[in-house]
S.K.: 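Dumping the structure here so I can ask a few things about it.
Whatever order the structure lists ligands and atoms in, that order sets their numbers, starting from 1.
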Amino acid sequence: MNAMETKPTYCRICEAACGLLADVEGSRVVRLRPDPKHVVSRGFVCAKGTRFAEIHHASDRVDHPLMRAPGGFTRVSWDRALEDIGRRLRDIRKTYGPHAIATYVGNPMAFSYAGTLASHALSKAIGSRNHFSAASLDCSNKFAVSRRMFGRAASHPVPDFERARFALLLGTNPMVSQSSFVHAPRIVERLKGIEKRGGSVYVVDPRRTETVKAVGTHVPIVPNTDAAFLLSLLHVIFTEGLQDDEALERHADGRVELERAVAPFSPERVASLTSIPPEQIRSIARGFAGAAASSCHLSTGVNQGRYGTIAYAAKIALELATGNLDRPGGALMVRGPFDLADLVRKIGVDDDDGTRSRIGGFAPLLGELPTSILPDEILTPGKDQIRALLVFAGNPLLSAPDEARLREAMKQLDLVVSVDLFLNDTGASADYVLPATDWLERHDYPLAQTQLQPQPYVQLSEAVVEPKHERRHDWQIMLDLAKAMKRPLWGRRWVDALIRAGIAAGGPRAFLLPLLIPALGLRPGQMLAEHPHGMRLHRERAGDFLAERIATASGRVQLFDPQVYGRLDALRHEMEASGGSGPRPLRLITKREKLGHNSWMHSNPKLSTKEQRAWIHPEDASRWNLETGDRVRLSSTSGSIELPVELSEELSPGAIAVSHGYGHVPDSGWVHAKGRGGVNVNILAGSGPHAIDELSGMCQFVGIELHLEPLAKTEASVDDRAHATAE
Ligand SMILES: Nc1nc2c(c(=O)[nH]1)N[C@H]1C(S)=C(S)[C@@H](COP(=O)(O)OP(=O)(O)OC[C@H]3O[C@@H](n4cnc5c(=O)[nH]c(N)nc54)[C@H](O)[C@@H]3O)O[C@H]1N2
Ligand SMILES: Nc1nc2c(c(=O)[nH]1)N[C@H]1C(S)=C(S)[C@@H](COP(=O)(O)OP(=O)(O)OC[C@H]3O[C@@H](n4cnc5c(=O)[nH]c(N)nc54)[C@H](O)[C@@H]3O)O[C@H]1N2
Ligand code: SF4
Ligand SMILES: [Mo]
């Protein structure tokens, strides 16, 4: 009988990175508990974090390499899998060139520093520009804007809610999600703190969300119109003379052009587009400019709309123009233990070397192309057509737009490899499925969080247990794949030799620890081992970003880049066309599930399977005499889905909310998730170069116009209704 040991670690499911304690008996993780000693989360966790022990042990995990064979997948050895994949990739590369091999990295890879770095080393080893990721489903508008405004795609303002007096939130529901681009557990608590200090919190959202019910003033908005609202705030600030002229003069170029751009967006004109009354727009603008410290945080609900690029640029302009950028209590430009934004440029990941995608001519952002063009890159004949796809920690078939077209494209590929914890929906049509370790089995450091922590800290977590079965680390698999292809990592022999020697000597941390030396002195490994619950860094003096770290050619923030504002005319036309009589057109919005994570984490027998619904306002429902449980068909220009409705006063009229991550394919390995039924809402989202933002390649999940058609009331819908009242 082994004694029980408790090991501190941290959760790597979402960006909050909450501290956990793992109770371990021998090699078995018995339980995960909140870590009250963690320097930032201080005992906060959500149910997904503590339930991860169940994911670690899940009976439907992929534990051995699997190869497609007639009649299903069959188990093969690692050697055989790597050898065969390597040979096939070499052949494809030789016949069709490097760009014929594509890689896709999903969201969980952002939580593995070694996996993130190795994915770039592998794509550069292949020499393919066709490197895709979940960023263009999530946040690439932010990368594109920061690159133009600050000169670095990875520099982002972080709201300092702990010290703020005014917070404006758009398109985020931290009560469920812990948000994004701010690595801070307990966000809702921090927001409540603002109100306790006498400050104000505004939450702009088409739905009265879980967050709104807990904190702040709800500002309902028509989906996809936030950019106009933010421009209107700037309009008020400039016309009422509320701006901080000194901040603008010292640190920004383009003020005149920006003022000209916002001129048409008066609160009166924006009101009918957004449904926000002009007086409220004015009072929010005045409150923001007048408070001692204010910040504006916008997230996926705005990123995934049609104007996410303008909205993010306007948000930054709002913060700068009111003197809140790089100010305590406002928007911090965190330095962190090292300058990650600068590092990614130095290693060549944030370059513009002129590379453009074959379809649509998109420039990569942080080395990654827009996922929405992947189907066309596969289906369009010609030189550099994609023939093979390697997927790491991703499920694009369910999480990316346009399942039908991506499915059609994937059928045409010569080779698909999925590296995952599970046989997911994408893996179900792969030739190989390779078993990855989970984060309880690997040491880690929150690299991606480095400059997004309002309270900077460092934490190095050792693996809690050894890898089970034949699971291998993602980084290890990536390095092995490059070797099997006989390609040097990063495309250079000396880099390959250096990386492999470093790994042999100390594992991936051989590359991490030197980065931490500036902040921690010469013995970072030892220091971090002494701080298993994390180690707080001193808060930097604010103001050093504006003074020293802006990386644009002029060393000043670029307030008005014409490409960033490329869709301004379209937005203005939408505004001018708004305000007709009759009901608003129906528009789709997103709705994240508390116990799921995008398309995964819900294949757990202990979770009750809730039926997927289309949430609709009773006023809209009354147009078709719909009652909760009635089935409808929702159609967009890309496709249609059928599901039951749920009437709810939470929605704004015109907004229809549908959760993603449903509609698992019958041959995926997610036994329980398949039982939840439902449909893939991303059938309604379009793919291809015209469906995405021209500058950032960001796709659209929000604000898609829908046509609703009631379906005949069948036996099934009567059952649905009974189910709904029982819930
Ligand atoms: N309609 C709609 N669609 C959306 C969104 C939305 O709000 N609405 N949100 C979008 C967002 S924000 C994102 S980030 C994307 C996500 O898009 P993806 O990242 O492509 O998809 P996920 O569903 O997160 O799938 C992650 C996969 O990684 C696997 N996995 C988990 N941990 C590991 C690991 O350590 N190693 C390996 N190898 N595999 C692992 C899981 O089993 C799962 O199969 O979805 C987007 N899709
Ligand atoms: N439980 C849970 N937590 C998660 C995830 C999950 O799937 N489940 N996913 C993780 C991932 S990958 C990410 S990126 C983060 C994302 O974290 P957030 O960005 O906070 O994402 P959501 O919780 O989807 O909140 C988006 C909000 O935008 C609103 N919205 C939709 N359309 C519009 C619009 O046009 N304008 C405005 N103003 N609001 C709009 C929606 O109603 C919703 O309340 O969450 C992470 N955390
Ligand atoms: S909030 Fe995020 S990081 Fe914290 S326990 Fe939940 S999933 Fe993990
Ligand atoms: Mo995400």
Side-chain angles (χ1 to χ4, degrees), residues 10-20 32 34-35 38 41 44-52 55 58 61-62 104-112 115 132-139 171 174 176-181 183 185-187 299-301 303-304 371 391-401 418-427 433-442 444 446 471-475 477-478 588-603 658-662 668-670 680-685 699-702 704:
Y10 69 92
C11 178
R12 277 149 272 177
I13 299 169
C14 87
E15 298 178 41
C18 302
L20 289 169
L32 292 171
D35 179 0
H38 189 274
S41 63
F44 175 89
V45 292
C46 80
K48 283 180 295 170
T50 47
R51 278 172 192 269
F52 197 80
I55 298 270
R61 277 282 291 265
V62 177
Y104 172 89
V105 289
N107 167 268
M109 202 54 71
F111 304 100
S112 160
F132 300 91
S133 80
S136 52
L137 318 177
D138 176 341
C139 58
V176 166
S177 68
Q178 296 300 315
S179 200
S180 184
F181 278 58
H183 295 293
R186 303 179 174 270
I187 291 183
S299 194
T300 58
N303 298 344
Q304 294 166 344
T371 294
V391 181
F392 300 92
N395 193 12
L397 212 51
L398 244 59
S399 289
S418 163
V419 179
D420 210 280
L421 311 185
F422 294 96
L423 176 54
N424 69 19
D425 308 277
T426 309
V433 178
L434 304 177
T437 53
D438 59 57
W439 45 263
L440 290 170
E441 299 167 314
R442 66 176 190 244
D444 229 325
R471 304 173 189 173
R472 288 188 183 174
H473 301 307
D474 289 294
W475 63 263
I477 300 169
M478 292 169 186
L588 183 66
I589 64 167
T590 49
K591 189 170 185 296
R592 246 164 247 280
E593 303 242 304
K594 198 161 181 81
L595 293 176
H597 201 79
N598 299 314
S599 74
W600 72 292
M601 290 222 53
H602 41 235
S603 191
V658 183
S659 299
H660 66 294
Y662 284 82
S668 87
W670 276 325
N680 179 3
V681 66
N682 289 342
I683 288 171
L684 298 172
C699 76
Q700 186 184 3
F701 292 131
V702 158
I704 296 170

S.K.: Under a heavy-atom criterion of less than 4.0 Å, does Met601 contact ligand 1?
M.R.: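 Distance cut 4.0 Å: Met601 fails for ligand 1.
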
S.K.: Considering non-hydrogen atoms only, spot the tightest contact between Ser180 and Glu15 and give its length.
M.R.: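 For Ser180 and Glu15, the tightest heavy-atom pair comes out as OG-OE2, 2.5 Å.
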
S.K.: Which of the atoms in ligand 1, numbered in the order shown and given with their element, are less than 4.0 Å from a heavy-atom of Leu421?
M.R.: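 Within the 4.0 Å cut-off of Leu421, ligand 1 contributes 30 (N), 31 (C), 32 (N), 33 (C), 34 (C), 39 (N), 40 (C).
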
S.K.: Heavy-atom distances under 4.0 Å are what count here, so tell me which part of Asn395 touches ligand 1: side chain, backbone, both or neither.
M.R.: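 Near ligand 1, Asn395 shows its backbone as well as its side chain.
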
S.K.: Would you mind running through ligand 1 and noting each atom that sits below 4.0 Å from a heavy atom of Phe422?
M.R.: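 Result: 42 (O).
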
S.K.: Mind checking whether Ser399 contacts ligand 1 via backbone (N, CA, C, O), side chain (CB onward), both or neither, at a 4.0 Å heavy-atom cut-off?
M.R.: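 For Ser399, the contact with ligand 1 is made by both the backbone and the side chain.
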
S.K.: How long is the gap from CG on Asn107 to OG on Ser399, to the nearest 0.5 Å?
M.R.: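 Separation between the atoms: 8.5 Å.
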
S.K.: Give me the residue, atom name and distance of the protein heavy atom closest to atom 7 (O) of ligand 1.
M.R.: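 It is Arg592 NH2, 3.0 Å.
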
S.K.: If you round to the nearest 0.5 Å, how far is CZ of Arg51 from NE2 of His602?
M.R.: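 Output value for this atom pair is 13.5 Å.
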
S.K.: Would you mind listing which atoms of ligand 1 come within a distance below 4.0 Å of any non-hydrogen atom of Asn424?
M.R.: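 In order of numbering, the contacting atoms are 44 (O).
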
S.K.: Below 4.5 Å, heavy atoms only, C-beta onward: do Val681 and Ser659 meet side chain to side chain?
M.R.: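 No - every pair of side-chain heavy atoms lies 4.5 Å or more apart.
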
S.K.: Out of Met109, Gln304, Arg61, whose heavy atom is nearest to atom 9 (N) of ligand 1?
M.R.: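 Closest candidate by heavy-atom distance is Gln304.
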
S.K.: Cut-off 3.5 Å, side chains only: do Thr426 and Asn395 have a donor facing an acceptor?
M.R.: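 Present: a donor and an acceptor within the cut-off.
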
S.K.: May I ask you to identify, for Arg12, whether its side chain, its backbone, both or neither come under 4.0 Å of ligand 1 on a heavy-atom basis?
M.R.: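 None of Arg12 does.
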
S.K.: At what distance is the nearest protein heavy atom to atom 2 (Fe) of ligand 3, and which residue and atom is it?
M.R.: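 For atom 2 (Fe) of ligand 3, the nearest protein heavy atom is Cys14 SG, 2.3 Å.
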
S.K.: Got an N/O contact under 3.5 Å between Trp670 and ligand 1?
M.R.: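 No.
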
S.K.: Can you tell if the side chain of Ser599 reaches within under 4.5 Å of the side chain of Trp670, non-hydrogen atoms only?
M.R.: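 A side-chain contact under 4.5 Å exists here.
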
S.K.: Going by the order shown, which atoms of ligand 1 are within less than 4.0 Å of some heavy atom of Asn682?
M.R.: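 Listed by number with element, the hits are 1 (N), 2 (C), 3 (N).
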
S.K.: Among Pro174, Ala17, Pro185, Cys46, which one has a heavy atom closest to atom 7 (S) of ligand 3?
M.R.: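 Looking at heavy atoms only, the winner is Cys46.
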
S.K.: Identify the closest protein heavy atom to atom 8 (Fe) of ligand 3: which residue and atom is it, and at what distance?
M.R.: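 Checked against all protein heavy atoms, atom 8 (Fe) of ligand 3 sits closest to Cys11 SG, 2.3 Å.
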
S.K.: Which is it for Thr437 and ligand 1 at heavy atoms under 4.0 Å: side chain, backbone, both or neither?
M.R.: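 Within the 4.0 Å criterion, Thr437 contacts ligand 1 through backbone atoms alone.
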
S.K.: Which residue and non-hydrogen atom of the protein lie closest to atom 35 (O) of ligand 1, and at what distance in Å?
M.R.: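 Protein heavy atom at minimum distance: Arg442 NH1, 3.0 Å.
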
S.K.: Would you sort out whether His38 and Cys18 count as a side-chain contact (heavy atoms from CB on, under 4.5 Å), showing the intermediate values?
M.R.: CA-CA 8 Å; His38 189 274; Cys18 302; over 6 Å; no

S.K.: Only heavy atoms count here, so choose which of Asn107, Val702, Leu397, Asp138 is nearest to atom 19 (O) of ligand 1.
M.R.: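 It is Asn107 whose heavy atom sits nearest to atom 19 (O) of ligand 1.
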
S.K.: Could you list the atoms of ligand 1 found under 4.0 angstrom from a heavy atom of Thr590?
M.R.: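 Near Thr590, meaning under 4.0 Å from one of its heavy atoms, ligand 1 has 6 (C), 7 (O), 8 (N).
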
S.K.: Which atom pair, heavy atoms only, marks the closest approach of Met109 to Gly115?
M.R.: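 Reported closest heavy-atom pair: SD-CA, 3.7 Å.
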
S.K.: Have a look at Val62, Leu137, Leu434 and point out the one with the heavy atom closest to atom 10 (C) of ligand 1.
M.R.: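 Nearest heavy atom to atom 10 (C) of ligand 1 lies in Leu137.
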
S.K.: Under 4.0 Å, heavy-atom basis, I'd like to know which part of Met478 is in contact with ligand 1: side chain, backbone, both or neither.
M.R.: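 No part of Met478 comes within reach of ligand 1.
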
S.K.: Have a look at ligand 1 and work out which part of Asp420, if any, has a heavy atom under 4.0 Å from it: side chain, backbone, both or neither.
M.R.: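 The part of Asp420 near ligand 1 is both the backbone and the side chain.
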
S.K.: With respect to atom 2 (Fe) of ligand 3, please indicate if Cys18 possesses an N, O or S atom at a distance under 2.8 Å.
M.R.: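 Coordinating: no.
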
S.K.: Under 4.0 Å from a heavy atom of Gly106: which atoms of ligand 1 are those, numbered in the order shown and with their elements?
M.R.: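 Here the atoms of ligand 1 in question are 19 (O).
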
S.K.: Working to the nearest 0.5 angstrom, can you tell me the gap between Met601 CE and Leu595 CG?
M.R.: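 Answer rounded to 0.5 Å: 8.5 Å.
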
S.K.: In the protein, what heavy atom is nearest to atom 6 (C) of ligand 1, and what distance, to one decimal place, separates them?
M.R.: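 So the nearest neighbour among protein heavy atoms is His660 CE1, 3.3 Å.
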
S.K.: What protein heavy atom lies closest to atom 38 (N) of ligand 1? Include the residue and the distance to one decimal.
M.R.: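 Here the closest protein heavy atom is Asp474 OD1, 2.7 Å.
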
S.K.: Please find the pair of heavy atoms, one from Ser179 and one from Ile187, that lie closest to each other, and give the distance.
M.R.: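 Looks like CB-CD1, 3.9 Å.
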
S.K.: So is there a nitrogen or oxygen of Asp438 less than 3.5 Å from a nitrogen or oxygen in ligand 1?
M.R.: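 The answer is no, given that Asp438 and ligand 1 share no N or O pair closer than 3.5 Å.
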
S.K.: Go through the steps to decide whether Leu20 and Trp439 satisfy the test side-chain contact (heavy atoms from CB on, under 4.5 Å), and finish with yes or no.
M.R.: CA-CA 12 Å; Leu20 289 169; Trp439 45 263; 3.7 Å; yes

S.K.: Can you pull out the closest protein heavy atom to atom 16 (C) of ligand 1? Residue, atom name and distance to 0.1 Å, please.
M.R.: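 Sorting protein heavy atoms by distance from atom 16 (C) of ligand 1 puts Asn598 ND2, 3.6 Å first.
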
S.K.: Please report the closest heavy-atom contact between Arg442 and Asp474, naming both atoms and the distance.
M.R.: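 Closest pair (atom of Arg442, atom of Asp474, distance): NH1-OD2, 4.2 Å.
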
S.K.: Pick one of side chain, backbone, both or neither for how Tyr104 approaches ligand 1, counting any non-hydrogen atom pair under 4.0 Å.
M.R.: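 Only the side chain of Tyr104 comes within reach of ligand 1.
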
S.K.: Looking at every non-hydrogen atom in both residues, tell me the closest pair between Phe422 and Val62 and how far apart they are.
M.R.: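 What the structure gives for the nearest pair is C-CG2, 3.4 Å.
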
S.K.: Can you find a pair of side-chain heavy atoms, one from Phe111 and one from Cys11, that are under 4.5 Å apart?
M.R.: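 When only atoms from C-beta onward are counted, Cys11 and Phe111 do not touch, as no gap falls below 4.5 Å.
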
S.K.: Just verifying a value: how many Å separate Asn682 CG and Leu137 CG, rounded to the nearest 0.5 Å?
M.R.: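 With rounding to 0.5 Å, CG (Asn682) is 8.5 Å from CG (Leu137).
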
S.K.: Give the residue and atom name of whichever protein heavy atom lies nearest to atom 37 (C) of ligand 1, and the separation in Å to one decimal.
M.R.: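 It is Ala393 CB, 3.4 Å.
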
S.K.: Taking atom NE2 of His660 and atom CD1 of Ile683, what is their separation to the nearest 0.5 Å?
M.R.: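 That separation rounds to 14.0 Å.
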
S.K.: Could you check whether the rings of His473 and Trp475 sit parallel, tilted or perpendicular, using 30° and 60° as the cut-offs?
M.R.: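 Plane angle under 30°, so parallel.
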
S.K.: Just distances here: any N/O of Phe701 and N/O of ligand 1 closer than 3.5 Å?
M.R.: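 No, no N or O pair falls under 3.5 Å.
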
S.K.: Rounded to the nearest 0.5 Å, what separates atom CG in Asp35 from atom OH in Tyr10?
M.R.: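 Output value for this atom pair is 13.5 Å.
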
S.K.: Under 4.0 Å from a heavy atom of Val681: give me the atoms of ligand 1 that qualify, with their elements.
M.R.: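 Close to Val681: 1 (N).
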
S.K.: Considering only protein heavy atoms, which is closest to atom 1 (S) of ligand 3, and at what distance to one decimal place?
M.R.: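 Of the protein heavy atoms, Gln178 CG, 3.5 Å lies nearest.
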
S.K.: Checking contacts here: is it the side chain or the backbone of Ser599 that comes within 4.0 Å of ligand 1, counting heavy atoms only? Could be both or neither.
M.R.: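 Both parts.
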
S.K.: What closest approach, in Å, do Leu398 and Tyr662 show between heavy atoms, and which atom pair accounts for it?
M.R.: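 Looks like CD2-O, 3.6 Å.
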
S.K.: Would you kindly specify which portion of Tyr662 sits under 4.0 Å from ligand 1, judged on non-hydrogen atoms: side chain, backbone, both or neither?
M.R.: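 No part of Tyr662 comes within reach of ligand 1.
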
S.K.: Taking only heavy atoms of Ala436, which atoms of ligand 1 are found under 4.0 Å from at least one of them?
M.R.: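 Once the distances to Ala436 are compared, the set is 36 (N), 37 (C), 38 (N).
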
S.K.: Give the ring-plane orientation class for Phe52 versus Trp600, where under 30° counts as parallel, over 60° as perpendicular and anything between as tilted.
M.R.: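 Judged by the thresholds at 30° and 60°, the geometry between Phe52 and Trp600 is perpendicular.
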
